[in-house]
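Counting starts at 1 for both ligands and their atoms, in listed order.
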Amino acid sequence: MRTQVAIVGAGPAGLVLAHLLNNAGVESVIVENRSRNYIQARLRAGVLEQGTVDLLRSSGVGQRLDREGLRHDGIYLQWPGTRQHLDFPELCGRSVWVYGQTEVVKDLVAARVANDLPLYFEVSDTAVHNIETDLPTVTFTDADGNAQTIHCDVIAGCDGSHGICGPAIPASARRTWARDYPYGWLGVLAQAPPSTDELLYAWHPHGFAMHSMRSPSISRLYLQVGVAERLQDWSDDRIWTELTTRLAHEDWELTTGQLLDKSITPMRSFVSLPMRYGRLFLAGDAAHIVPPTGAKGLNLAVADAKLLADAIIGSYGSSGASLLDAYQETALRRVWRCMHFSWWMTSMLHTDGDDPFARELQLAQLRYLSTSRAAAQSLAENYTGLPYGW
Ligand code: FAD
Ligand code: DHB
């Protein structure tokens, strides 16, 4: 088959890219190796920046987000004895929305299917070819076992951190930067009304804990655990006991409930360049990963997709190849800002062994955030997301 843009991966990056291209009359084909049900149920991020929400709304997929998304005007930072509220609209004029990645994916897939646009699920053997030429192709085996070839102008590698597009760039042309953390997040989804009106990030001598939510009846909670911890060692009772201990605050109680899901995610900061090699462009987790503290991963994937969509649309119009040529440099400004913010939030909130010096630095920084408007403003503008074009 022939299309303008072949997109590998139907995560947030690939789906947003395809949606924006379609709005501008640029054709694309998406290939995804998982099933529709699987990608719509895969539990991941939950916080959308102001810019992500504005983009989903203005591009025509914001109706359910407007009905079901929860606008949040701040967060709580907590350490023993103190729970400090940061008011985002007051600090930086912006907000965030709690609306799960599962819901964003469902809305974008529904829009694509409703318009009868090509999206192949459950493909296998995906490979990219001739990426250094003007005639690149993507080959794959479709769900019925048929070998398929997509001829295109551009390939968008939106296939996440375990995809095939990044590795298709010759190793001699690649450079990576990485930081692995000695801990991960044990995340649970609970049938329990949230016990907090805002997301709660808690520093505790036992390790970081966090209280988020998905709806008025479903809570999402996280615990810092050692990198080698196994899920089978964490009974539901043990999880609730540790959450109750780490989130404890005077005159406040954590509502518990049935656990609907639990998983452990390792934490990593990672950047792989180039984001463009010939006719192959990488977006989202295919090019960079951030630790989840600060909720940047999904938003960064959407920001890349918006930038790449504008560049591809521009390449068919009067601006020619200039935006495509600038894609990596422009994207990297936000990527490294988010790398720093996620690393900083992670380092401030997670305990790493029993280092008394590190612990006092963390508490000094938390107290500074609660007393200095300048410090709080810096957190707020990064958390709610710097505007596109920044
Ligand atoms: P992905 O969402 O990974 O999408 C890539 C898609 O490509 C997938 O659907 C995959 O199936 C598909 N694919 C892969 N290989 C192939 C192939 N060979 N052929 C075809 N398709 C392929 N971020 C936060 O902000 N907060 C969080 O709490 C949070 N939790 C996370 C938990 C986990 C377990 C993980 C893995 C990530 C989490 N993230 C979180 C990060 C966030 O979810 C990602 O940054 C976001 O999903 C990136 O979107 P993407 O489209 O770039 O990649
Ligand atoms: C969620 C995840 C995050 O990484 C974060 O910083 C805030 C909320 C969540 O899954 O709801």
Side-chain angles (χ1 to χ4, degrees), residues 6-18 30-36 38-49 52 70 72 75 96-102 104-105 108-109 119-128 138-142 155-168 184-189 194 198-201 208 210-215 218-222 261 263-268 270 282-305 308 338 341-342 345-346 349 383 385:
I7 301 176
V8 184
L15 289 167
V16 166
L17 174 63
I30 311 180
V31 296
E32 163 60 52
N33 62 0
R34 302 287 194 166
S35 69
R36 180 175 180 180
Y38 184 91
I39 64 162
Q40 294 188 160
R42 187 166 46 192
L43 265 180
R44 287 186 173 177
V47 178
L48 305 185
E49 294 174 357
T52 303
L70 309 169
H72 278 241
I75 55 167
V96 292
W97 272 254
V98 170
Y99 192 64
Q101 182 166 330
T102 47
V104 174
V105 166
L108 288 161
V109 170
L119 167 46
Y120 289 82
F121 288 109
E122 297 180 70
V123 308
S124 50
D125 309 323
T126 319
V128 299
V138 174
T139 55
F140 65 97
T141 305
D142 69 21
I155 300 173
C158 303
D159 49 351
S161 52
H162 301 294
I164 51 95
C165 290
W185 275 15
L186 191 167
V188 298
L189 195 68
E198 302 280 30
L199 270 56
L200 170 56
Y201 289 79
F208 171 69
M210 170 172 183
H211 191 333
S212 179
M213 61 202 71
R214 285 294 178 272
S215 74
I218 304 280
S219 294
R220 176 87 168 132
L221 299 120
Y222 297 100
D261 187 89
S263 64
I264 292 182
T265 311
M267 287 166 78
R268 183 158 210 236
F270 176 78
L282 303 181
D285 278 17
H288 42 72
I289 310 169
V290 289
T293 334
K296 289 292 143 211
L298 162 64
N299 293 291
L300 201 48
V302 171
D304 280 357
L308 185 54
C338 292
F341 181 67
S342 317
M345 285 280 280
T346 301
L349 289 163
Y383 193 97

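For atom 23 (N) of ligand 1, the nearest protein heavy atom (residue, atom name, distance) is Ala45 CB, 3.4 Å. Looking only at heavy atoms of the protein, atom 19 (N) of ligand 1 is closest to Thr126 OG1, 2.9 Å. Residue, atom and distance of the protein heavy atom nearest to atom 35 (C) of ligand 1 are Arg44 NE, 3.5 Å. Nearest protein heavy-atom neighbour of atom 17 (C) of ligand 1: Asn33 ND2, 3.5 Å. Taking atom 11 (O) of ligand 2 as the reference point, the nearest protein heavy-atom neighbour is Ser212 OG, 2.6 Å. Taking atom 28 (O) of ligand 1 as the reference point, the nearest protein heavy-atom neighbour is Tyr222 OH, 3.4 Å. Protein heavy atom nearest atom 14 (C) of ligand 1, with residue, atom name and distance: Asp159 O, 3.2 Å. When hydrogens are left out, the protein atom nearest atom 47 (O) of ligand 1 is Gln101 NE2, 2.8 Å; that is the closest non-hydrogen contact. Of the protein's heavy atoms, Asp285 N, 2.8 Å lies nearest to atom 52 (O) of ligand 1.
For ligand 1, the polar-atom distance check finds an N/O of Ala13 within less than 3.5 Å of one of the ligand's N/O atoms. Taking distance alone, with nitrogen or oxygen atoms compared against 3.5 Å, Leu199 stays at or beyond that limit from ligand 2. The shortest N/O to N/O separation between Met213 and ligand 2 does not fall below 3.5 Å. The shortest N or O to N or O distance between Ile164 and ligand 1 is not below 3.5 Å. In terms of polar-atom proximity, defined here as any N/O pair under 3.5 Å, Pro292 does make such a contact with ligand 2. In terms of polar-atom proximity, Thr265 is not counted as a contact of ligand 1, lacking any N or O under 3.5 Å from an N or O of the ligand.
Phe341 is not listed as a side-chain neighbour of Val290, based on a closest heavy-atom distance of 4.5 Å or more. Side-chain contact between Arg220 and Leu43 is present, with heavy atoms from C-beta onward closer than 4.5 Å. Side-chain contact between Thr102 and Gln40 is absent, with no heavy-atom pair separated by less than 4.5 Å. In this structure, the side chains of Glu32 and Ile7 stay at 4.5 Å or more apart for every pair of heavy atoms.
Contacts between Arg42 and ligand 1, counted as non-hydrogen atom pairs separated by less than 4.0 Å, involve the side chain only. Contacts of Tyr99 with ligand 2, taken as heavy-atom pairs under 4.0 Å, are absent altogether. Of the heavy atoms in Val98, none comes closer than 4.0 Å to ligand 2. Counting heavy atoms under 4.0 Å from ligand 1, residue Ser263 does not touch it at all. At a 4.0 Å heavy-atom cut-off, ligand 1 touches Val31 through the backbone alone.
Taking every heavy atom of both residues into account, Leu17 and Cys158 meet most closely at CD2-SG, 4.2 Å. Nearest heavy-atom pair across Gln101 and Leu298 is OE1-CB, 3.9 Å. Scanning all heavy atoms of the two residues, the minimum distance from Ala13 to Ala283 falls at CB-O, 4.1 Å. Looking at every heavy atom in both residues, Ser219 comes nearest to Leu221 through CB-CD1, 3.9 Å. Between Arg214 and Val98, the shortest heavy-atom contact is CA-CG1, 4.4 Å. Between Leu282 and Cys165, the shortest heavy-atom distance links the atoms CD2-CB, 3.7 Å.
For the atom pair His72 NE2 and Leu199 CG, the distance stands at 6.0 Å (nearest 0.5 Å). Interatomic distance, CG of Leu70 versus OH of Tyr99, reported as 10.5 Å (0.5 Å rounding). Rounding to the nearest 0.5 Å gives a distance of 4.5 Å between CH2 of Trp185 and OG1 of Thr293.
The distance from ligand 1 to the heavy atoms of Gly9 drops below 4.0 Å at these ligand atoms: 6 (C), 7 (O), 12 (C), 21 (N). Each of the atoms 7 (C), 8 (C) of ligand 2 lies under 4.0 Å from some heavy atom of Val47. With ligand atoms numbered from 1 in the order given, ligand 2 contributes 6 (O) to contacts under 4.0 Å with heavy atoms of Gly294.
Between atom 9 (C) of ligand 2 and the options Tyr222, Tyr383, Tyr201, Trp185, the minimum heavy-atom separation is to Tyr222. Of the candidates His162, Met210, Glu32, Glu32 brings a heavy atom nearest to atom 6 (C) of ligand 1.
Residue contact annotation: Phe140 has no non-hydrogen atom under 4.0 Å from ligand 1. At least one heavy atom of Met210 lies less than 4.0 angstrom from ligand 2.
A distance-only check finds a donor-acceptor pair linking the side chain of Lys296 to the backbone of Tyr383 [under 3.5 Å]. No donor-acceptor pair under 3.5 Å is formed between the side chain of Asp159 and the backbone N or O of Gly14.
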